[in-house]
Novice: 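Take a look at this one; I'll ask things after.
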Amino acid sequence: MGSSPLLSFLVLTSLVVLFVTPSHSSEYDVVQEPAPPVTSRKISRNSEKVTMSLYYESLCPYCSSFIAGPLAQVLETDLMTILNLRLVPWGNAILDSNNTIECQHGEDECYLNIIHACAINLWPDLVKPALSDKCLTVNKNKHGEKTSIYCNLEDTIQPQNEIDLQLITMQKKHFDFIKCIEKQYKAPDRNGAEESWEECSGKLRLSTQSIKKCYDSGHGKELVLQNGKETDHLRPPHKYVPWVVVDDTPLLDDYGSFIHYVCKAYKGKSLPKTCSSHPNTSINKDTSLQSVCHASEARSGDSSGKHQMKMEPLA
């Protein structure tokens with residue numbers, strides 16, 4: 001009988017170990033550490049999308065045509081699901097030894113390059129307008145499922161379903177603003193540079209005061225100097241604008257075929273429809289070479305028509 005308390009203690013201890021041990025094993029040995037949130041990860045530039053950079057200047061007519069034409073059109077297609085589009089305003093501008101910027105097409109180009117840079121900095125991200133703002137009719141089958149959507153979208157393809165529509169209506173605020181300026185300024189009855197961008201900011205409901213603050217504070221000048229440093233470090237050096245680079249590969253005089261190069265560079269599982277519907281053709285190279293603003297002309301020493309702007313060097 002004397003051993004009964006000891007036996008009872010051993011039995012209770014065994015039961016505690018039996019029920020507690022699996023619980024600890026499940027918590028510490030089986031459950032893996034949760035992955036860090038996406039916002040804390042440093043995502044590689046090319047991890048998901050193809051990066052295409054356009055090096056340009058605001059008043060080169062060929063840059064204006066490229067922005068308002070092919071780029072504006074592709075922004076409204078599903079190619080934007082794989083494309084990270086960067087605009088880098090500087091072009092053939094020169095920063096001389098006296099920290100003076102010389103712009104190829106005069107005073108307004110220096111001014112608008114800064115305005116463009118401010119807009120890119122202020123509104124860098126993609127946005128999606130509400131579907132109800134764009135759609136006219138939505139067709140449904142007998143089960144009430146959406147089969148097609150028809151919308152009043154200027155210069156766009158017709159979406160076949162809601163997912164396509166969301167992709168098509170992706171817009172870059174800064175791109176729409178820059179496209180508007182390019183169209184406004186090259187019109188025969190154009191306004192001045194300041195009137196042009198202010199009218200565009202009003203049309204697009206963008207803050208005019210934010211842009212003015214960026215310009216007046218000198219932050220815009222710092223931004224274009226950064227663009228100039230990036231442009232001047234291109235390898236091979238750029239020879240003209242528009243100068244298009246897809247994942248670090250310059251397209252040279254074949255920049256008009258950028259859709260083909262973007263689709264070719266994409267490493268994802270499935271290509272967007274635009275890749276299969278767009279023919280693999282190159283623009284005529286003789287024509288392309290004439291459809292550029294040459295850097296050699298800006299560096300020829302003929303400064304007539306150029307604007308010089310004194311700039312403080314970046315720290």
Side-chain angles (χ1 to χ4, degrees), residues 53-61 63-64 66-68 71-72 75 85-127 171-187 189-233 238 241-243 293 298 303 305-315:
S53 301
L54 169 63
Y55 298 87
Y56 75 103
E57 55 197 19
S58 58
L59 296 186
C60 170
C63 294
S64 298
F66 187 60
I67 290 171
L71 280 192
L75 204 72
L85 177 62
R86 300 178 62 245
L87 302 184
V88 187
W90 174 266
N92 298 328
I94 302 170
L95 180 65
D96 65 20
S97 57
N98 296 322
N99 293 317
T100 299
I101 287 185
E102 296 182 5
C103 294
Q104 188 171 17
H105 297 95
E107 179 178 356
D108 282 355
E109 184 166 79
C110 279
Y111 175 69
L112 287 176
N113 282 349
I114 295 176
I115 296 299
H116 286 202
C118 284
I120 294 168
N121 181 257
L122 287 167
W123 299 287
D125 297 326
L126 285 167
V127 297
Q171 299 285 332
K172 280 184 180 294
K173 286 186 178 181
H174 70 256
F175 183 90
D176 287 345
F177 176 70
I178 290 171
K179 180 184 70 173
C180 178
I181 295 174
E182 296 300 300
K183 284 186 173 181
Q184 288 275 1
Y185 195 83
K186 71 178 184 179
D189 56 343
R190 71 187 185 195
N191 295 320
E194 185 172 6
E195 292 83 359
S196 294
W197 77 257
E198 287 183 348
E199 182 175 345
C200 289
S201 65
K203 284 182 177 179
L204 297 170
R205 298 180 180 180
L206 301 178
S207 172
T208 301
Q209 291 303 317
S210 296
I211 299 173
K212 286 184 175 180
K213 182 179 179 181
C214 174
Y215 181 87
D216 294 338
S217 67
H219 182 54
K221 295 178 181 179
E222 294 179 355
L223 293 172
V224 294
L225 282 175
Q226 292 171 1
N227 289 345
K229 184 177 294 185
E230 179 180 340
T231 304
D232 291 344
H233 282 80
H238 87 286
V241 291
W243 187 263
C293 294
S303 60
K306 295 179 183 177
H307 172 65
Q308 295 186 348
M309 180 181 288
K310 187 70 175 180
M311 308 289 280
E312 295 298 328
L314 291 174

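Side chains included, hydrogens not; waters and symmetry mates left out as well; all remaining heavy atoms used.
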Novice: Flag the pair Asp176 / Leu206 as yes when at least one side-chain heavy-atom distance between them is below 4.5 Å, and no otherwise.
Specialist: no
Novice: Check each of Val88, Val241, Val224, Asn92 against Thr231 using the side chain to side chain contact (heavy atoms under 4.5 Å, CB included) test, and report the only one that passes.
Specialist: Val88
Novice: Hey, does Lys212 have a side-chain heavy atom less than 4.5 Å from the side chain of Glu198?
Specialist: yes
Novice: Taking all non-hydrogen atoms of both residues, which atom of Gln104 and which atom of Glu109 are closest, and how far apart?
Specialist: N-OE1, 3.2 Å
Novice: Output yes when a side-chain donor or acceptor of Asn113 lies under 3.5 Å from a complementary backbone atom of Ser58, and no otherwise.
Specialist: yes
Novice: Can you see which heavy atom on Leu71 is nearest to which on Ile67, and at what distance?
Specialist: CB-O, 3.7 Å
Novice: Hey, are the side chains of Phe177 and Lys203 touching, using non-hydrogen atoms and a 4.5 Å cut-off?
Specialist: no
Novice: Please confirm whether the backbone N or O of Thr100 pairs with a side-chain atom of Asn98, one donor and one acceptor, at under 3.5 Å?
Specialist: no
Novice: Would you check if Cys118 and His219 make a side-chain contact, meaning some heavy-atom pair closer than 4.5 Å?
Specialist: no
Novice: Any idea which heavy atoms bring Leu223 and Cys214 closest together, and the distance?
Specialist: CD1-SG, 4.2 Å
Novice: To the nearest 0.5 angstrom, please state how far the CG atom of Leu59 sits from the CD atom of Glu182.
Specialist: 7.0 Å
Novice: Glu195 versus Glu199: any side-chain heavy-atom pair under 4.5 Å?
Specialist: no
Novice: Would you check if the side chain of His174 reaches a backbone N or O of Trp123 as a donor-acceptor pair within less than 3.5 Å?
Specialist: yes
Novice: Atom CG of Leu225 and atom CD1 of Ile114: how far apart are they, to the nearest 0.5 Å?
Specialist: 8.5 Å
Novice: Going by side chain to side chain donor-acceptor pair (under 3.5 Å), His116 matches just one of Tyr56, Trp197, Trp90. Which one?
Specialist: Tyr56
Novice: Could you tell me which non-hydrogen atom of Lys179 sits nearest to which non-hydrogen atom of Ala72, and how far apart they are?
Specialist: CD-CB, 3.5 Å
Novice: How long is the straight-line distance from OG of Ser201 back to CG of Leu122, given to the nearest 0.5 Å?
Specialist: 11.5 Å
Novice: Can you name the closest pair of heavy atoms from Pro89 and Ile120 and give their distance?
Specialist: CD-CD1, 3.8 Å
Novice: Tell me yes or no: SG of Cys293 and SG of Cys63, less than 2.5 Å apart?
Specialist: no
